[in-house]
Amino acid sequence: MLATPGRPPAGQGWAVEFKWDGVRALLGVDSAGGVHLTSRNGNDVTLGYPDLVAGVATDRPLVLDGEIVALDEAGRPDFGLLQNRMHVRHPPAALQAEVPVQFYAFDVLRVGERSLLRETYDDRRAALDDLGVAGWPRFAVPPSTTEVAPPQMLDVAREHGLEGIVVKRRTSRYEPGRRAASWIKIALFTTREVVLGGWTPGEGSRGAIGSLLLGAYDGEGRLHYLGNVGTGFTQAALRALRELLEPLRADDDPFASGVPREHARGVRWVEPRLVGEVEYRTLTHDARLRHSVWRGLRPDRDPHEVVLDGAFARAPLASYGVPAAAPEAPRIVTPDELAALDALRRKGVWEVAGREIALTNLDKVIFPGRDGAPPVTKRDLVRYHARVAPHLLPYLQGRPVNMQRFPDGVTKQGFWQKEIPVHAPDWVTRWRYPDADPGDVQDYVVVDSTATLVWLANLAAIELHPWTSKLPDVHSPTWALIDIDPGPTTSFDDVLAVARLYRAALDHLGVAAAPKVTGKRGVQIWVPVTPGPTFADTRGWVEKVSKAVGRMVPELISWEWHTDRRGGRMRLDYTQNVINKTLVAPFSARPAAGAPVSMTLTWDELDDPDLRPDRWTVATALDRLETVGDPMLPLLGRAQTLPNL
DNA sequence: GGGGTAC
DNA sequence: GTACCCCAACGCCTA
DNA sequence: TAGGCG
Ligand SMILES: [Mn+2]
Ligand SMILES: [Mn+2]
């Protein structure tokens, strides 16, 4: 009797068991006391499991249905281990000792002369309990519950790294050989992105590729092996993958924690540039994907966005001896949390996003009011950072951040800060810049959580400038930045006219990009770039495009270095494309009255007569993001090679 | 903004 | 307790 | 190499 794949059924009358990762078998004891094991397709596999045969502690004839499993050190069935036994017809004693197996009995079809086939599931389970099978050496009767609903059991299975559940109708009969609707199996499948780090050639008629070696990055930017995938490909996909992988050939294994020898045989290593998506059922004890199936390439993903998360950050990776830290998913701050912020006095501790953050001078005016609106206090800035985090964090995560701080308000001098403050909470992610000169800043803040954004708001870190490159490859820009800097006499209409010229140029080149207003007077255009080119490459490219744009409106543009020789005209600033030089992040506040923010735009909005460079503020940006969304977000991490000019 | 020191 | 001091960037351009 | 620039 086989289970039908499906979804957890609703309603009463079901029992739930776990789905075990082993091989199905019927165990029969005949009237002479002889034991026989029969596989799913009717083969006699008795000789392969003398240890199970020896464990049978009854003379009564009976037939049990169950699963042969091999347990890992955590006591969890591990199909990978069982494979060492499955194909061995006469296992030597040493192998039996090294890979012990168990029989998980979950049904009984016959006891003595009495057939139980027509009995209900509940009655058969009762008979199974009466047999005392659980007391036999190497035998177990895994749980069947009628108390816990299938969805909850599925959660339990997920937490324990099990394959899924089987739900059985309590009144159902046993139907030999049939795939019945009264048994429903629900397999856990998880989708995740993976970085391709190598491949093996296919054997025989398989052709281009046999399997792919998969990985993901830890919080330190190291790539870890996550296993192989060798199924789920169309033939066309295999050919296409080979063409993409061939030019990425590398001499060295890209995985920081290595690859098991048996998976490294005949592997062609590649630069870890391609991202794909796989489905898998569970993780193995050493944090590798089990039952993974290829689902396709994700050219829209940056490899460094593919990080070890949740399940991987727990125990398994420890076996590689690697600390696992990953950017947290941005948390939406709850209304209760926001109310707690409003309830604080001048200072206090705000419990938000899983942290306790000390806040000071909450009613201090940081920004004067604008257009008759009240001034903006530090409490307002803190609230804004907390609420905008889901939109802002994607642009900050995985990058060092340079800050411009205004603790005495934006009417006073601010200062740049790159170094992580000495008394930063220990949960703030920091990064040591290995190429920093002695005497320069060594340790930078990496903003990877809502809590960090709140903490920075308390420091009056108003302008957040993420690096243009991502960790760990800080010499490879992920954006090419176009920066339209107005001069004293430049009108915003002139800025928009130039931005539209860039729009036409990029459109002509077939380059994807998105504009944003800076919140002060300018406009920037951010062009996503697949890591690979150097800053010199992106700077040169932006310079060429900018010089071409400048030739169309020479009366508006100056290329003079000294501001006093520019005649008030604007500068097309391509020089910002260099390591450790930055532009203000989307949605970062700017030091000006009313707390304006930098806001991403659709290209069409460059034609909107109501557009102003400082139109949105910390008070209005979230409405805008809720109604219009973030037009730049689809470009984040998008793969793009800049065309030759 | 926050830590340290002098008063 | 409080007054006061100090500190909080950097890469590249041009002359 | 100082000072300008962003
Ligand atoms: Mn600018
Ligand atoms: Mn600039």
Side-chain angles (χ1 to χ4, degrees), chain A residues 346-350 357-366 377-379 381-382 385 399-410 412-425 428 430-431 433 435-445 452 454-469 474-475 477 481-488 490 495 518-524 534-536 538-540 542-543 546-547 558-566 568-585 588 590-591 598:
Chain A
R346 278 189 71 245
K347 57 187 287 193
V349 173
W350 190 25
I357 305 169
L359 302 176
T360 54
N361 289 323
L362 285 167
D363 296 316
K364 184 171 187 171
V365 170
I366 304 293
T377 63
K378 199 156 85 178
R379 192 188 309 267
L381 183 68
V382 167
H385 270 199
R399 303 166 190 270
V401 67
N402 301 342
M403 301 164 271
Q404 217 175 339
R405 292 180 51 196
F406 297 82
D408 296 319
V410 301
K412 300 287 197 302
Q413 265 294 341
F415 54 90
W416 282 93
Q417 180 149 348
K418 297 190 177 183
E419 184 145 51
I420 187 167
V422 186
H423 293 284
V428 172
R430 60 180 65 218
W431 170 72
Y433 181 22
D435 302 332
D437 289 332
D440 281 358
V441 166
Q442 306 287 317
D443 294 300
Y444 286 73
V445 175
T452 302
V454 168
W455 171 70
L456 288 178
N458 187 58
L459 294 184
I462 289 172
E463 286 202 357
L464 303 177
H465 289 238
W467 281 31
T468 308
S469 47
V474 290
H475 294 282
L481 302 172
I482 295 169
D483 181 19
I484 306 172
D485 284 340
T490 305
V495 170
T518 62
K520 296 200 113 174
R521 298 181 57 225
V523 166
Q524 301 163 359
T534 63
F535 277 105
T538 53
R539 190 182 62 222
V542 173
E543 179 179 5
S546 300
K547 289 276 166 67
S558 169
W559 296 109
E560 291 289 340
W561 174 249
H562 287 277
T563 49
D564 53 9
R565 292 193 198 165
R566 289 184 196 164
R569 289 167 293 175
M570 78 181 97
R571 171 177 174 80
L572 304 182
D573 182 10
Y574 53 85
T575 66
Q576 217 62 9
N577 291 286
V578 70
I579 190 168
N580 206 344
K581 289 185 77 172
T582 53
L583 294 184
V584 70
S588 176
R590 306 305 306 277
S598 180

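Reminder, nothing fancy here: chain letters follow the sequence lines and each chain counts from 1.
- Taking the six-membered ring where tryptophan is involved, the planes of A:Tyr433 and A:His475 are tilted, since the angle between them lies from 30° to 60°.
- Side-chain nitrogen and oxygen atoms of A:Lys364 include at least one within less than 4.0 Å of the OP1 or OP2 phosphate oxygen of B:dG1.
- Comparing D:dG4, C:dG11, D:dG6 by their closest approach to the side chain of A:Asp483 singles out D:dG6.
- Phosphate contact (OP1/OP2 of D:dC5, side-chain N/O of A:Thr563, threshold under 4.0 Å): present.
- For the pair A:Glu463 CD and C:dA8 C1', the computed distance is 15 Å after rounding to whole Å.
- Of the side-chain N and O atoms in A:Asn458, one or more sit less than 4.0 angstrom from OP1 or OP2 of B:dG2.
- The residue among A:Thr575 and A:Asn580 whose nearest nucleotide of DNA chain C is located toward the 5' end is A:Asn580.
- For the OP1/OP2 pair of D:dG6 and a distance below 4.0 Å, the side-chain nitrogens and oxygens of A:Arg566 include at least one atom meeting the criterion.
- The side chain of A:His562 places no N or O atom within less than 4.0 Å of a non-bridging phosphate oxygen (OP1 or OP2) of C:dT14.
- Nearest to the side-chain atoms of A:Leu459 among the listed nucleotides C:dA9, B:dG1, C:dG11 stands B:dG1.
- OP1 or OP2 of B:dG1 lies within a sub-4.0 Å distance of a side-chain N or O belonging to A:Lys378.
- The one candidate from A:Met403, A:Lys418, A:His465 that meets the side chain to side chain contact (heavy atoms under 4.5 Å, CB included) condition with A:Thr582 is A:His465.
- Summary of the strand contacts: A:Gly439 and A:Arg565 both lie near DNA chain C, and taking for each the nucleotide with the nearest heavy atom, the more 5' one is attributed to A:Gly439.
- Closest to the side chain of A:Thr360, out of B:dG1, D:dG6, C:dA9, is B:dG1.
- To the nearest angstrom, P of C:dC13 lies 12 Å from CD of A:Gln576.
- Here the side chain of A:Lys418 is nearest to one of C:dA9, C:dC12, D:dG6, namely C:dA9.
- If you measure from atom CG of A:Asp573 to atom P of C:dG11, you get 16 Å, rounded to the nearest angstrom.
- Between B:dG1, C:dG11, C:dA8, one nucleotide has an atom nearer to the side chain of A:Lys581 than all others, and that is C:dG11.
- Atom C1' of nucleotide D:dG3 and atom CH2 of A:Trp561 are separated by 10 Å, given to the nearest angstrom.
- Atom CD1 in A:Ile420 sits roughly 16 Å away from atom C1' in C:dC7 (whole-Å rounding).
- Under the 3.5 Å distance criterion, with hydrogens and angles disregarded, a donor-acceptor pair is assigned to the side chains of A:Asn402 and A:Trp467.
- Rounded to whole Å, the distance from NE2 on A:His475 to C1' on C:dG11 is 13 Å.
- The interatomic distance linking A:Arg590 (CZ) with D:dG6 (P) rounds to 13 Å, in whole Å.
- Side-chain proximity of A:Arg405 to the nucleotides B:dG1, C:dA9, D:dC5 is greatest for B:dG1.
- Distances shown here put every side-chain N or O of A:Asn402 at or beyond 4.0 Å from the OP1 or OP2 atom of C:dC10.
- Atom P of nucleotide D:dC5 and atom CH2 of A:Trp559 are separated by 17 Å, given to the nearest angstrom.
- Spacing between B:dG4 and C:dA8 at atom P, rounded to whole Å, works out to 15 Å.
- Using C1' as the reference atom, C:dA9 and D:dG3 are 16 Å apart when rounded to the nearest Å.
- Counting heavy atoms of neighbouring residues, nucleotides and ligands inside a 6.0 Å radius, atom NZ of A:Lys347 does not exceed 12 of them.
- One finds the CG atom of A:Leu456 at 13.5 Å from the CD atom of A:Glu463 (value rounded to the nearest 0.5 Å).
- When all heavy atoms are compared, the tightest approach of A:Lys364 to A:Pro407 is NZ-O, 3.0 Å.
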